Amino acid sequence: MISEYTIGKFREIETPFYFYDLDVLRSTLDTVRKESMHSGYQAHYALKANSNPRILRIISSYGLGADCVSWNEIAAALDAGFQPSGIVFAGVGKTDKDIEAALKTEISCFNCESIPEIEVINELASRQNKTAPIALRINPYIEAHTHKYITTGIEESKFGINTWEIDEVIRRLAALKNVRLIGIHFHIGSQISRMSVFKSLCARINELQDWFSEHGINLTSINVGGGLGIDYENPEKKPLFEEYFSLLNDFINLRPGQTLHLEPGRSVIGQCGSLISRVLFIKNGSNTLFAIIDAGMTDLIRPALYQAHHRIDNLTSKGHIYRYDVVGPVCETSDTFAKYIELPETKRGDIIAIRSAGAYGEAMASRYNLRNLPAAVFSDDLA
């Protein structure tokens with residue numbers, strides 16, 4: 001809940017900006033750390049969700065590892081205090097420059113998504129006289145029941161290795177002397193709200209574990225990826241970490257010497273962030289009222305890109321309820337945050353909060369229309 005004191009402080013700050021409630025973030029991290037220690041699992045924060053430097057420093061202080069998809073993310077993680085031994089490098093299109101830098105840093109694992117990628121890593125590791133630890137990202141063919149743009153674990157995807165390729169991958173690995181297979185990795189999608197999806201993933205992992213054991217391959221790392229969703233309609237509701245960790249504990253059969261890794265990103269950071277904006281104009285349409293605000297799709301692209309829903313609150317009005325289309329200033333019809341939603345009577349200058357925007361908000365901001373990037377304001381800045 002955003003307090004009246006904080007709302008008063010918002011009036012003094014130029015909008016739009018991201019507001020991060022650090023008490024919410026730390027409470028979430030306390031839960032992740034407790035559940036990880038209890039289960040013996042290693043949690044890695046996925047930097048793609050939010051790479052704000054101060055956010056990263058706080059997360060690293062809780063002992064999480066880092067899941068990165070570019071060398072720049074790895075560098076940011078190192079700058080924030082994450083240890084190389086806790087960094088995994090994922091991503092379908094790693095450049096030679098990225099791979100070379102990661103090899104020099106001696107990160108813990110490269111999550112590999114194709115035979116050509118493995119061969120390139122082997123070649124580049126050979127030049128440095130190193131052996132690169134790798135995990136195979138395998139597509140488990142599980143429907144994540146989420147938006148098609150963030151569903152990744154299906155057949156005919158740019159992501160991952162298909163199960164019918166595994167025999168060939170293992171055969172090719174036998175000839176590659178500068179990579180060492182240590183594990184398997186999965187990521188079936190994002191914003192997953194059905195626990196049954198993760199239960200299906202556990203069953204598939206167990207089947208694949210049996211296949212590797214039958215072929216005499218001992219794996220030490222089992223990485224279930226991320227994807228745990230948050231409740232966008234209820235920003236105060238915490239992610240279901242206890243249920244999630246309990247499900248993994250109950251349904252994944254780990255072998256002796258194996259460590260289970262997971263990569264929560266959105267569920268760590270999503271609920272602590274809000275995009276704060278001001279109303280510029282109220283425009284009368286034929287059948288609706290348009291609340292035109294100074295935040296746009298350049299600041300938060302999820303509604304335009306994924307048709308994503310965020311709860312929107314007018315923080316400075318307690319008037320009668322009307323229905324509004326909440327839209328931004330960018331010269332695109334898709335620059336729309338919500339249609340026909342209920343808000344108290346809204347007028348020029350009102351402060352609007354777009355909630356649950358901590359993940360994939362600031363990280364995906366752009367300067368389209370030469371707009372400024374949104375600032376970041378932290379709750380302790382306002383004390």
Side-chain angles (χ1 to χ4, degrees), residues 1-21 50-52 54-55 232-233 235 269-285 288-379 381-382:
M1 183 70 66
I2 299 176
S3 70
E4 290 296 328
Y5 173 83
T6 299
I7 295 168
K9 289 292 186 179
F10 286 171
R11 294 180 184 276
E12 304 170 7
I13 304 172
E14 182 179 355
T15 50
F17 62 88
Y18 277 95
F19 170 69
Y20 296 108
D21 187 327
N50 189 318
S51 55
N52 180 286
R54 187 166 182 206
I55 294 290
Y232 280 94
E233 184 57 36
I269 193 68
Q271 297 292 42
C272 84
S274 297
L275 177 60
I276 307 300
S277 180
R278 274 185 174 82
V279 177
L280 297 174
F281 314 108
I282 300 298
K283 176 182 174 180
N284 291 319
T288 190
L289 293 168
F290 292 94
I292 302 171
I293 64 177
D294 61 6
M297 62 188 289
T298 53
D299 308 298
L300 178 64
I301 199 173
R302 295 188 70 253
L305 183 62
Y306 304 132
Q307 299 78 55
H309 168 79
H310 289 258
R311 175 173 160 176
I312 299 176
D313 293 328
N314 185 329
L315 301 180
T316 51
S317 174
K318 293 182 171 61
H320 293 293
I321 299 297
Y322 294 92
R323 289 190 177 270
Y324 297 87
D325 285 10
V326 180
V327 301
V330 175
C331 295
E332 301 285 345
T333 303
S334 58
D335 186 27
T336 298
F337 291 109
K339 285 183 171 292
Y340 207 56
I341 64 165
E342 291 186 346
L343 290 174
E345 184 175 6
T346 298
K347 61 186 184 302
R348 174 175 168 83
D350 278 346
I351 304 295
I352 299 295
I354 303 175
R355 307 296 302 279
S356 305
Y360 305 105
E362 185 182 356
M364 298 178 77
S366 77
R367 294 207 61 206
Y368 180 49
N369 288 183
L370 289 184
R371 287 169 51 79
N372 292 330
L373 292 173
V377 175
F378 299 89
S379 53
D381 294 334
L382 306 181

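Computed from a prediction, not measured in an experiment: that's the story for all the values here.
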Problem - Side-chain heavy atoms of S277 within contact of I354, under 4.5 Å - result: no
Problem - Heavy-atom check, side chain of Y324 versus side chain of E345, under 4.5 Å - result: yes
Completion exercise
Closest non-hydrogen atoms of I312 and A338, given as atom of the first, atom of the second and distance, are CD1-CB, 3.7 Å
Fill in the blank from the handout: Interatomic distance, CG@D294 vs CG@L280, rounded to 0.5 Å, equals 5.0 Å
Exercise for the section: Would you indicate whether the side-chain heavy atoms of K9 and F19 approach each other to under 4.5 Å? Expected result: no
Handout entry: Ring centres under 6.0 angstrom apart (F17, F10)
Key = yes
Fill in the blank from the handout: With D350 as partner, the option from I282, I293, N314, L343 fulfilling side-chain contact (heavy atoms from CB on, under 4.5 Å) is N314
Handout entry: R371/D299 salt bridge by N-O under 4.0 Å criterion
Key = yes
Practice task
Output yes when a side-chain donor or acceptor of D335 lies under 3.5 Å from a complementary backbone atom of E332, and no otherwise.
Solution key: no
Exercise for the section: Using a 4.5 Å cut-off on heavy atoms from C-beta on, say whether the side chain of E362 contacts that of N50. Expected result: yes
Handout entry: Test log, rule side-chain hydrogen bond (donor to acceptor under 3.5 Å, both in side chains), inputs Y20 and N52
Key = CA-CA 11 Å; Y20 296 108; N52 180 286; 5.2 Å; no
Handout entry: Student check: side-chain heavy atoms of R348 and F281 closer than 4.5 Å
Key = yes
